[in-house]
Each structure stands twice: as structure tokens, then as C-alpha cells.
Amino acid sequence: MMAVVPDSVLDAVPSLQFQLTDAVGAAIAAAYPEQAGADPLIRPSDHADLQVNAALALAKKVGSTPREVAERVREQLPAGDLISEAVVSGPGFVNLTVSDAALWRQVAARLANARLGVAAPETGRRTVIDYSAPNIAKEMHVGHLRPSIIGDALARVLGFLGSDVVRQNHLGDWGTQFGMLIQFIDEHPERPWRHQEVVGKDDDGDQASSVSALDGLYRAARKQFDDDEAFADRARARVVALQAGDEGTLATWREIVTESQYAFDEVYSRLGVLLTADDSAGESFYNDKLDDVARELEDAGIAVHSRGALVVLSEEVNGPDDEPVALMVRKSDGGYGYDTTDLATIRYRVRELHANRILYVVGAPQSLHFRLIFEAARRAGWLDPEQVEAVHVPFGSVLGADHRPFKTRAGGTVRLMSLLDDAVGAAAAVVREGAEIRGVGMDAADLRVIAEQAGIGAVKYADLSTNRIKDYVFDVERMVSFTGNTGVYLQYAHTRIVSILRKAAERGLTAPAGAPTAVGDLPLEPPERALALTLDAFGDTLVEVGATLEPHRLCGYLYDVARAFTDLYEACPVLASEGVVRERRLALCDLARRTLEEGLHLLGIAAPERM
Ligand code: ARG
């Protein structure tokens, strides 16, 4: 069967950086044939559009000075209208200016393409992404924010780049705590925590959440378990019944899972995280595969017996005692745990899901765990590094104002929903104030919608724009600010462009589809060039995000776009200009708007039309 490739992918627009890499690469090959293939190292420049940095390293190899090399490369640059000026500068850079015609070709081609000219280099690769992974019967808390939204942003970006993305929500839905819960429910059959019972009953204005009720159940069960010896015994017997597959016990367990899934769905839909129940493959999903995983490891001689347990001893990592660290395949009581389940995930994802790449978006404290899992999977032959890439995608913690792990005033765990409520409340205040200052009316219903988009967007952007591996302080006021590198700033930039384009349409000015295909006689002004150049780098930025698995690079890029637009807007009249100049500026506005909208969408952030 022939794969169907959409036309718009075929029309991908290579960036100027890419084209210049080609052109300068050819010049290097012409000047120094034995150096053919050397990377010209085209980078952004403060003195021109882009610069060639390769001469410094090449000089050593060819036994010349960097300036001499730069000069010879410059002489060999191909004729044509791509480069309008090439100047050797400093110790041996070549500063490149692209022609207006070449720059405008990029703008026009991107505008004409539904994907903004972005290629799909991930086509044909299947990526399994394990992310979010909250625990059943407990409410999602601040610790689930990062794995949910970083994982979702990566899934969106890789999907946009053409990868076949398989989302896996590795729910913590199995373990001894369920004995206690199920026993408690059996003894309190009225089930006030059920979805139907909870929805609409919330009176303090918060979104009704079935899981906060489940959380209450969990705490009540835990308390009785700790206080009441006889109950604890009955609960332990329940664990045995659950593991033995007792139907009645399983039925109650399923009820809890279903209720929890409702609550997770509420959080996901509010957060704009694309996970659904269909993506759930929790720990219990692997139960019937664990015997086989253990047997395979044992038969291959990779798992060995140690004090009644079955373990895999690392050949790469030693513990503080200088002994190899161990993965627990089977405990001495015959039970399986977190390690075994993750050995099963990797085997399943390679063998059954046919992954080319498996990402585990899980906090940094689990680095050793995944290192050991990957090592064992390689030794077992499940993971052939030539065929499949397995990557732990770690991230730092969310901190409170005191720079310690984020807690409520009372020292408790912060519910994810209440954290979102706070952000939406703060966003409502700044949006209302902003509308008053600008003298635009906004009714309560509009305000509610916009505050939700701004507040949720602010939380997500603050998180995603931080270098993934770093910790950051959760500071609602800073997050919802209209100025600085915030989600609200980007959303607001988007609304300003929308409003320019709306006014243009009202006045019957050229619709964006009619963007001039040729740049015309008037030279582009510096802010126009700067915005056009920035917009040209969208696809390259996405490829970088895919390669590094770092969404903050997309955030930084979108911030550059918003600032370049603001610079243009402040320096160059758009609606008040005329003729081809106005058409060009409207076209740039349109491309900036679409780039911002697509970029925000790939981060899972709304791009409102007004705020
Ligand atoms: N539920 C786990 C936790 O809360 C995270 C699971 C991550 N995924 C995995 N395959 N281990 O820590």
C-alpha cells in the first residue's frame, strides 16, 4: 500500500538557514575540495541576517588563517539572488545578508502552505510517549502538572512533525492500597463519591470533582486501616482476593478505576491535555504479562536469585556500598512491583506497539530506575539500540515561594484543580483590569472564558518555558502578567494581530490570501526583515524541539515572534500605510498570527481572538 502524503508536506519550505547551509557548503567544497561536507555553521548574526562560523575551525585543518579561509569561501559563494551581501568580519566570520526577494519568497511560500511550510521529517517513525501517569483513587496534585503538560507538548510537536504518536497513560492502578479501599467500600456501600452523586453538588464555586470525593474515601479508609486492627486484617485479606482475581473484589476495583478516570478526564479537558481513557494502560494492564517477563529474564540468565527474590543486577551501576544495584523482578513473597511492571512496559511497547522510540516523561528522581530498566531491556534483547530508542525525559520540580517543594499553607499537597483555580482567578483580575484600561467592554460570560484561557495558558507556558530539567517557583502573579515572557503576553500579541487583520478586512483591504508574491521595488525595512527572518525559523525550531525534547525552545521562539511583531507594529504603520507596503505588512501580520496560533496550539495553549 502506498502511504498517502498530503500535498502540503510535499510543499515544505526549506528555511533560509537550510538554504544557506547548502550554498555555503558548496562554497567550502569549491574552495577546499578535501573539506567538502564540512558544516558551514550558519548562525544568527547581530551584524547581518546570518553568519558563517566555520572558518575558525577550517583554518586549522587547511593550515591557513581564519580570515583567509573566510575570504576564499566568500569568493566561492554562488551567484543568484539568495545572498545580497557577504562581508568578512572579525577574526573570520562571513556576515550574510539575504536579498529582499529571497526573504519574501519564504514569506509568500509559508503563507500559501497549510502547515506554514513545515516539513514532516518524523514520518514513518512510531513514538510511544508515557506521560501524566497519576494514581487511581487519589486526586491529581501539583506533581502531575509537569509530566502531563510536557508529555502532551512533546506528543503534539512530534505528531506535527509526522511521527505516529501512541500515548500511554501508565496509571498507578494496582497495589496493596486497593485492599483497604475495597474493604472500606464494602463496609460503607452508600458510595457518596460516585460521579453521579458528586456532579452539581459543589457549592463553593469550584469545579465539582469526583476525585476529591474519592480522595476523601482514600483518607477515611487509610485512617480506619491505621486505627482498627481488625479492619486492617480484613483489608489485607482483600489484597489477596484482588490478586487472586475474585470477581466481586475486581468489580469494586473497576468501579474505583472508572470513577478516577472521570476525574482525570476533567483535569485533562481543563488543561487541554489530549489524553483520554483509550490511552490508559495502567499498571494492572501488565499483570498477566509479569510471569512471562520474569521467566524470560530468568531463562536468559539475566535475572538471578538473591535471598528468595529474583533480581537483575546492573553491570553498569554500583550503589554506595559498591555492589551492583538491583532491579526487583519478583519479591521473596512472590509478588511483583513497579520494576517488573516497567520491564513489561518496554517489552510490550517494542514487541506489540512496534515503537521506534519510547519516551518516559517522568520526574528526575526516577532516573536510576529508567537507566536500570533500559539496561535490562538491552541485555534481554528486547531493546536493540539500533532499532529503538528508549529515553527517560526527566524534569525538575515545582517549588513554592520559599523555594521548597510546593505545599499548601497547612503543609498539605496542592490539588491540581485548586492551583488552576488560583491561576484563573489571577488571570481574571488582570484581564478585567486590562479591558478597563483600554476602555473595552467585556461581559461576565466573555470574561469567564478569556480568564480560563489566559489562566490555564499562563500556568502551562510558565512551566513549558522553563528549561525542562530545572526546578521553578510557582508564582501566579508573574505567570499572568501581560509583560515579559509569559503566556498572557503571547496570547495578547495574538489578539492584537487579530484586531489589525479584522480592521483590514472591515475596510476591504487585501485579504491575506492575496499576499504579494513579489516584494516589489521598495526595500523591506529592518523590522519587516527581522520579523520575516524570525518567522522563517518556525520549522527549524520544531525540529530542534523534537531532537532535544525541550519544549522551552518553542516557547522562546514564540516569544521572539511576538517581540518581532511588537517591534514592527511600533515602528511601522500597518493600516495607515499604503499600496504594496501595506499589503506586505498585512501579509507579515497574517503569517505572524498563524505562526503564533500554531505554536501555541503545539504547546496546548489557546490563542484567543481577543482579551
Ligand atoms: N505513577 C507513577 C508515579 O506517580 C509514575 C509512572 C511513570 N511511568 C512509568 N512507566 N513508570 O510516580
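In listed order, ligands and their atoms are each counted from 1.
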Show which side-chain atoms of residues 322-330 pair as donor or acceptor with protein atoms under 3.5 Å away, not counting sequence neighbours.
none

Might you list the protein residues in contact with ligand 1, defined as having a heavy atom under 4.0 Å from one of its atoms, sorted by chain and number?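 Only D130, A133, N135, H170, Y338, D342, Y360, V362, Q366, F370 have heavy atoms that fall under 4.0 Å of ligand 1, ordered by chain and number.
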Identify each donor-acceptor pair in which a side-chain atom of residues 281-288 lies under 3.5 Å from a protein atom, sequence neighbours left out, and give them as a table.
residue: S284; atom: OG; partner: D173; partner atom: OD1; Å: 3.4
residue: S284; atom: OG; partner: D173; partner atom: OD2; Å: 2.7

Check whether any side-chain N or O of S260 sits under 3.5 Å from a backbone N or O of A137 as a donor-acceptor pair, and report yes or no.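 Yes.
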Looking at E386 and R378, is any side-chain nitrogen of the basic one under 4.0 Å from a carboxylate oxygen of the acidic one?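 No, no charged N to carboxylate O under 4.0 Å.
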With R167 as the cation and Y131 as the aromatic partner, state whether NZ or CZ is under 6.0 Å from the six-membered ring centre and within 45° of the axis.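 Geometry flag: not set, cation outside 6.0 Å or 45°.
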Can you name the residues that form a side chain to side chain contact (heavy atoms under 4.5 Å, CB included) with D540, not counting sequence neighbours? S15, Q17
